[in-house]
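Encoded as structure tokens, the structure appears first; notes follow it.
Atoms considered below: every heavy atom in the structure, side chains included; atoms not considered: hydrogens, waters and symmetry mates.
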Amino acid sequence: FYYHDFQRFRDLTGCTSVMAARGALWNCSMFRREGLLPVYTVASRYISIAQRYSNQFRNTKYMLLQMIQAQEPKCRGSKMAIQAKNIPELTAALEACKSEGSMMEVKHYKLGVKFVNRDEDQVDISKNRQKHFRSLKMGLKRLAEAAAARKRSRGEGHMDVSDVKSTEGATSQKAANGNKGQKF
């Protein structure tokens, strides 16, 4: 991705904004009008910012791995980053990647983009909707079965349909409240 690609997508599609996912993970300098920076420069700056603001180590490691593995997935530094347990080890992994050379180059990534023509692709769109709906129904069924098993194990008897609906509401309320580690 290049910065000018955003405008090109807007012109082609008529949309008001464009989302960047992988490209931003791999090299967030894609948002610079002046062009991409070498990944080493971006990654070393990222580590210093992460340290300054006490970013969680797991998040810092994840982001650095995204940058390194997009550039050099099999380098020694990539393996070191995977095994890193702290910021100094991540910094050493980045330096190992730099010493292997390619982290100093500016790499451009091309991702395939498929524009959907609603008239021509209607059958595929409908199939995907049906597939996702089946998946959602299966998930709700499993949720109801798990809730029924939980009730039975507590000796509360059999659940009926109204219990399932109240369980769904409670589950989404718990998820919205951020109960991590809670089994539903």
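For the atom pair Phe6 CZ and Met19 CE, the distance stands at 10.5 Å (nearest 0.5 Å). From Phe31, atom CZ reaches atom CG of Leu36 across 10.5 Å, with rounding to the nearest 0.5 Å. Taking OG of Ser48 as the reference point, atom OH of Tyr53 lies at 10.0 Å (rounded to 0.5 Å). The distance from atom NZ of Lys61 to atom CD of Gln83, rounded to the nearest 0.5 Å, is 8.5 Å. Going from atom CE of Met30 over to atom CG of Asp5 covers 7.5 Å, rounded to the nearest 0.5 Å. Note that NZ of Lys74 and NZ of Lys79 are 9.0 Å apart. Values are rounded to the nearest 0.5 Å.
Cluster annotation: Leu64 is not connected to Ile49 through the hydrophobic network of ILVMFWY side chains, with a link wherever side-chain heavy atoms come within less than 4.5 Å. With hydrophobic clusters built from ILVMFWY side chains whose heavy atoms lie under 4.5 angstrom apart, Leu65 does not share a cluster with Val42.
When all heavy atoms are compared, the tightest approach of Ala96 to Met80 is CB-SD, 3.7 Å. Listed here is the closest heavy atom pair of Phe57 and Ile87: CE1-N, 3.6 Å. In plain terms, the two heavy atoms of Ala81 and Leu90 that are nearest each other are O-CD2, 4.0 Å. Closest approach of Glu100 to Cys75, counting heavy atoms only: OE1-CB, 2.8 Å. Across every non-hydrogen atom of Cys15 and Ser17, the tightest pair is SG-O, 3.2 Å.
Within the 4.5 Å cutoff, the side chain of Val39 has no heavy atoms near those of the Trp26 side chain. By the 4.5 Å heavy-atom criterion applied to side chains, Gln69 and Ile82 are counted as neighbours. For the pair Asn27/Met67, no side-chain contact is recorded, criterion being any heavy-atom separation below 4.5 Å from C-beta on. By the 4.5 Å heavy-atom criterion applied to side chains, Met63 and Cys28 are not counted as neighbours.
Other residues, nucleotides and ligands place no more than 12 heavy atoms under 6.0 Å from the OH atom of Tyr62. Within 6.0 Å of the CZ atom in Arg52, the count of heavy atoms belonging to other residues, nucleotides or ligands exceeds 12. Heavy-atom neighbours of Arg10 CZ from other residues, nucleotides or ligands within 6.0 Å: above the threshold of 12.
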How far apart are the C-alpha atoms of Leu140 and Lys137, what are their side-chain angles, what is the distance that settles it, and do they pass the side-chain contact (heavy atoms from CB on, under 4.5 Å) test? CA-CA 5 Å; Leu140 289 174; Lys137 282 174 64 176; 5.7 Å; no
Could you go step by step and tell me if Arg76 and Cys97 meet the side-chain contact (heavy atoms from CB on, under 4.5 Å) rule? CA-CA 7 Å; Arg76 183 174 53 94; Cys97 288; over 6 Å; no
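A distance-only check finds a donor-acceptor pair linking the side chain of Ser44 to the backbone of Tyr40 [under 3.5 Å]. With hydrogens and angles ignored, the 3.5 Å screen pairs a side-chain donor or acceptor of Glu89 with a backbone N or O of Lys85.
Checked against side-chain hydrogen bond (donor to acceptor under 3.5 Å, both in side chains), Thr60 has the following partners two or more places apart in sequence or in another chain: Asn55.
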